[in-house]
Visitor: 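Sharing a structure with you now.
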Amino acid sequence: MTPTEWAGFGAGVITVLSGGLIGLRFIVKGWLNELRPNSGSSMKDAVDRIDARSLKLEQRVDDLYSLLVKRQ
């Protein structure tokens, strides 16, 4: 291969790799945006709401259990 062909091959490889990295960066940015709170519509906000509800439910179950134990 001539130096011109090697230069073209190298440029092609660099172009493909940089395109792949740009695509990966775009995907990761989208995932990170879902993990940041944004006043209610992100996945992190949904998980936080579910966690808060489960803690309240756990407390209610504990209270009911203690009431049942006191009655016996």
Side-chain angles (χ1 to χ4, degrees):
M1 286 178 63
T2 65
T4 306
E5 291 172 339
W6 278 109
F9 178 72
V13 168
I14 290 172
T15 302
V16 169
L17 289 177
S18 64
L21 289 175
I22 289 170
L24 182 64
R25 182 177 180 215
F26 178 75
I27 291 171
V28 169
K29 273 184 148 180
W31 289 340
L32 290 177
N33 283 337
E34 281 297 318
L35 297 177
R36 285 190 205 116
N38 64 354
S39 70
S41 64
S42 71
M43 199 180 317
K44 180 167 177 38
D45 291 330
V47 169
D48 289 343
R49 284 191 304 270
I50 291 169
D51 186 43
R53 287 178 186 170
S54 68
L55 290 174
K56 288 179 186 178
L57 184 60
E58 183 179 347
Q59 182 61 42
R60 289 177 66 188
V61 169
D62 288 342
D63 293 343
L64 286 173
Y65 181 74
S66 63
L67 284 173
L68 287 174
V69 169
K70 286 180 184 178
R71 285 187 179 181
Q72 294 177 359

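What's counted below: heavy atoms across the whole structure, side chains too, no hydrogens, waters or symmetry copies.
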Visitor: Can you list, pair by pair, the side-chain donor-acceptor contacts under 3.5 Å of residues 2-29, counting residues two or more places apart and other chains?
Guide:
unit_1 : atom_1 : unit_2 : atom_2 : d
Thr2   : OG1    : Glu5   : N      : 3.3
Glu5   : OE1    : Thr2   : N      : 3.1
Thr15  : OG1    : Ala11  : O      : 2.7
Ser18  : OG     : Ile14  : O      : 3.0
Ser18  : OG     : Thr15  : O      : 3.0

Visitor: Tell me, which pairs form a side-chain hydrogen bond (donor to acceptor under 3.5 Å, both in side chains) where one or both residues lie in residues 48-61, sequence neighbours left out?
Guide: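 Every pair satisfying side-chain hydrogen bond (donor to acceptor under 3.5 Å, both in side chains) with a residue in residues 48-61: Gln59-Asp63.
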
Visitor: If hydrophobic residues (ILVMFWY) are linked whenever their side-chain heavy atoms come closer than 4.5 Å, directly or via other members, who joins Tyr65 in its cluster?
Guide: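 Answer for Tyr65: Val69.
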
